[in-house]
Amino acid sequence: MGKMLDFIAIRILFFVGTFILIAFVFDKMLLALMIAVVATLLLSLILHLIKQKQCNISFNNFVFDCYILGSEFVYDKLLNLLDNFKKQDKYLTSDTELICYFEKNSNVSAEDLIALNQKAVKLNIDDIYIIYKRLDRSSLSILDKLPKKFYFVSLKKVFSILKKHNLVVLSSTKKFRQSPSVIFNLIFSRNNIKHYLFTAVILALISFITPLKNYYLILSAISCLLSILCLLPISKIKNTKHGKFDKL
């Protein structure tokens, strides 16, 4: 509740402050109202993106530790929440359930599902929970032919559960960081062309209904320039160091 009140209060204060400032400088109430609304919406968007970015970085750190430390890292945390479970081979098992975390980075395939089903039959277990990073949806068609019941839990879902119970304590291994080159590549990725062009069109249309016509046209031109830069090969990372392979 407190966070929600802060959420509302920050935006109200920002809106009122922007409105008073613009109205004082330009002495135009309608212009001040329009700019205050747009600025508040932009502030909300920026804060949302920052919060989402922080969440993604935390999850990426968690995934990084899962890669380095393997299934033991995941199982040790889940055992704090699950009763009557124990480690057995590469699984967590109870009398009727089996939990399997797939360490490999490839998709969970139909062959993996068959192997788990055979393992469950051998252990006389009814329910199988699969914690996955990637899932091949086409492999799910085989489930109707397998006698055991499967549940699929994404690693991100596990992360949110552990975070809810304050169990996301990352190891001392090197944490995931977004390097400047990665951020540069994200900004000038070809996938962003349509977003930049869409923004340019919207800004150009707004310029016809606001007194700040030149301002919005400049922003529209910048968005067009960014879309053009996305077509250039400037976002590719060049790595000429291959160690021993350079000598072959």
Side-chain angles (χ1 to χ4, degrees), residues 1-64 154-157 159-164 166 168 170 175-237:
M1 184 66 179
K3 290 184 178 181
M4 179 60 67
L5 292 176
D6 292 339
F7 178 90
I8 297 173
I10 290 173
R11 283 151 183 80
I12 291 176
L13 291 174
F14 182 81
F15 173 82
V16 173
T18 304
F19 176 78
I20 293 174
L21 178 62
I22 300 300
F24 177 78
V25 173
F26 295 98
D27 195 24
K28 294 182 178 179
M29 301 295 288
L30 181 59
L31 174 63
L33 179 63
M34 292 175 61
I35 294 178
V37 170
V38 173
T40 304
L41 291 175
L42 287 175
L43 174 67
S44 300
L45 177 61
I46 291 172
L47 292 178
H48 172 73
L49 292 175
I50 291 174
K51 184 177 180 181
Q52 188 176 44
K53 174 83 171 175
Q54 291 173 342
C55 180
N56 288 338
I57 291 177
S58 298
F59 174 66
N60 287 331
N61 289 339
F62 177 72
V63 172
F64 186 85
S154 68
L155 191 59
K156 196 158 192 175
K157 176 64 175 178
F159 169 75
S160 64
I161 293 172
L162 295 177
K163 189 174 183 179
K164 177 182 177 182
N166 297 318
V168 183
L170 302 177
K175 299 299 182 287
F176 180 88
R177 291 289 184 270
Q178 292 283 14
S179 66
S181 61
V182 173
I183 296 175
F184 183 82
N185 285 322
L186 290 175
I187 293 174
F188 294 105
S189 170
R190 292 202 173 195
N191 294 330
N192 293 331
I193 294 177
K194 57 185 177 182
H195 302 300
Y196 289 136
L197 290 176
F198 176 78
T199 302
V201 171
I202 295 299
L203 290 171
L205 292 175
I206 293 177
S207 68
F208 291 104
I209 59 174
T210 176
L212 301 176
K213 182 176 182 179
N214 293 335
Y215 173 75
Y216 282 98
L217 287 177
I218 291 173
L219 292 178
S220 178
I222 292 174
S223 293
C224 288
L225 178 61
L226 289 173
S227 66
I228 294 174
L229 291 176
C230 289
L231 294 172
L232 302 178
I234 60 176
S235 64
K236 293 183 179 179
I237 299 176

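Scope of the values below: all heavy atoms of this structure, side chains included, with no hydrogens, waters or symmetry mates.
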Notebook entry, point to check: Would you find a donor on one side and an acceptor on the other, under 3.5 Å apart, between the side chain of S220 and the backbone of L217?
Noted result: no
Identify all side-chain donor-acceptor contacts of residues 197-204 below 3.5 Å with residues at least two apart in sequence or on another chain.
unit_1 : atom_1 : unit_2 : atom_2 : d
T199   : OG1    : H195   : O      : 2.8

Margin query: Return the CD1 to OG distance between I218 and S223, rounded to the nearest 0.5 Å.
Written below: 12.0 Å
Item checked: Sub-4.5 Å side-chain heavy-atom contact between V63 and F159 -> no
Checklist line | C230 versus Y196, closest heavy-atom pair with distance | finding: SG-CE1, 3.5 Å
Next item on the list: Identify, with sequence neighbours excluded, every residue that meets side chain to side chain contact (heavy atoms under 4.5 Å, CB included) alongside I161.
Entry: L81, K157, H165
